[in-house]
Amino acid sequence: MSDNAIKVNVLLFGACREVAGASELQFNLTAPADVASAWAEIKNRFPNLEKFERSALFAVNEEHSRKDQPLKDGDTLAIFPPVSGG
Amino acid sequence: MSDNAIKVNVLLFGACREVAGASELQFNLTAPADVASAWAEIKNRFPNLEKFERSALFAVNEEHSRKDQPLKDGDTLAIFPPVSGG
Amino acid sequence: MKNRMDIFEITREPIDKLGLEKRLLTGGAGAIVTFDGVVRDNTKGRRVVSLQYEAYEPMAVREMRRIGDEIRQQWPDVERVGIIHRFGPLRISESSVVIVITSPHRRVAFEACRYAIDRLKQTVPIWKKEIFEDGEEWVEGQAPEVKE
Amino acid sequence: MKNRMDIFEITREPIDKLGLEKRLLTGGAGAIVTFDGVVRDNTKGRRVVSLQYEAYEPMAVREMRRIGDEIRQQWPDVERVGIIHRFGPLRISESSVVIVITSPHRRVAFEACRYAIDRLKQTVPIWKKEIFEDGEEWVEGQAPEVKE
């Protein structure tokens, strides 16, 4: 890995998990990275996730986050559809 | 009893019961009678009830009633302070 | 008629809250909202030892049933209504009244439950006396707005 | 700090509703308002067989705790807040979520309880799939209004 490479843990939930067929993986990203650039990479790997382009929500280290949230090495990025608990 | 005499059952609850020192009695009234005339008789018998003159509530045969509600022989008249259940 | 399965009771015994909820739970319910009125250990800071409730029993059940009817008029989606009021002596943290509303969705259950306890405190003939360490006092009720 | 006694849990097991209420009941409480979300046997008339809940567990607990904090800011009179959400497979009439608010008086308990379930449905990372007789479908959630 080069100096500006970072690793993030990616978690997928609900319909996103089901469509991707994966619930947890590691992604190597090039710094500077943010949620948006990670999401682009993840959709490259799992093209079926494209259908969540407008609805997907993100959490970085267990906090709801926007797409411009920066990512650093070791962060956990969760991707999921709007929640439907209760 | 004369022809125009009626009997009503009187029930007292809460502070009214306590102040009167009675919970259930029969009253003989002269027809035509209503809640107001019964209440006047009852206060004659239990002068301590005068303190409830403004607050007392009435029910005839288990229905909330106003003072102008007529009473007939055999009716049950309940007298009580504003309710405080719950 | 859904309302034939509603429950309105006055009792001297501790209220079986979970039992009441189970008796009212139908497959069409998605929400159960329960109000449980319990004896607080103080009134405006003055220490309460216990409460004593008195009820005009048959009329109290009639008035609770009337509240059920009012709820069904205002919120036809309600599945079941249950109201149990206890009387006699009650200790701190014991339940004096439990109201359960079941409905397909939560909004109706919340609104109907709140209506039920507000209305109960206006119309149901029950009275309570607070027993303090140094005396006792009847709680002053609010004058009812009797619907004509 | 009253909120150190609050309860926020995610569990695979059936929710012990009465136990939760007992853990939250204090002498200062005069009202317990409980919301119990149960599995309904239909969605818009289509027969539901069961539900399957999935949770992002640690984040779900954090978000529930945040709801507790929001409640204590808006309603300082609240005595205790309890939220337990279940996940995994649930049958008809089983509870998916139970929310309990205790407070000295009823208004606050009703308002805080309703706020808690409304907010939970916006922010707590849990998803459900409906299993019908002839297929299954993820329930579409509402987009959250994340407080900045």
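Chain A is the first sequence line, chain B the second, and so forth, proteins listed ahead of strands; every chain is numbered from 1.
Within the structure, every pair that satisfies the ring-ring contact (aromatic ring centres under 6.0 Å, His included) test and touches residues 20-39 of chain D, not counting sequence neighbours, is listed here: C:Phe110-D:Phe35.
D:Val33 touches chain C through backbone and side chain together, each having a heavy atom under 4.5 Å away.
By number of non-hydrogen pairs under 4.5 angstrom with chain D, the leading residue of C:Ala109, C:Cys113, C:Gly37 is C:Cys113. Most heavy-atom pairs under 4.5 Å with chain D: of the set C:Ile99, C:Ile117, C:Val97, C:Val100, this distinction falls to C:Ile117.
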Using only the distance criterion (under 3.5 Å, no hydrogens considered), which donor-acceptor pairs connect chain D with chain C?
from     : atom 1 : to       : atom 2 : distance (Å)
D:Lys17  : NZ     : C:Glu21  : OE1    : 3.0
D:Lys17  : NZ     : C:Glu21  : OE2    : 3.2
D:Glu21  : OE1    : C:Lys17  : NZ     : 3.0
D:Glu21  : OE2    : C:Lys17  : NZ     : 3.2
D:Gly27  : O      : C:Asp41  : N      : 2.8
D:Gly30  : O      : C:Val38  : N      : 3.0
D:Ile32  : N      : C:Asp36  : O      : 2.8
D:Ile32  : O      : C:Asp36  : N      : 2.8
D:Thr34  : N      : C:Thr34  : O      : 2.9
D:Thr34  : O      : C:Thr34  : N      : 2.9
D:Asp36  : N      : C:Ile32  : O      : 2.9
D:Asp36  : O      : C:Ile32  : N      : 2.8
D:Val38  : N      : C:Gly30  : O      : 3.0
D:Arg40  : NH1    : C:Pro104 : O      : 2.9
D:Asp41  : N      : C:Gly27  : O      : 2.8
D:Pro104 : O      : C:Arg40  : NH1    : 3.0
D:Arg106 : NE     : C:Asp118 : OD1    : 3.0
D:Arg106 : NH2    : C:Asp118 : OD1    : 2.8
D:Asp118 : OD1    : C:Arg106 : NE     : 2.9
D:Asp118 : OD1    : C:Arg106 : NH2    : 2.8

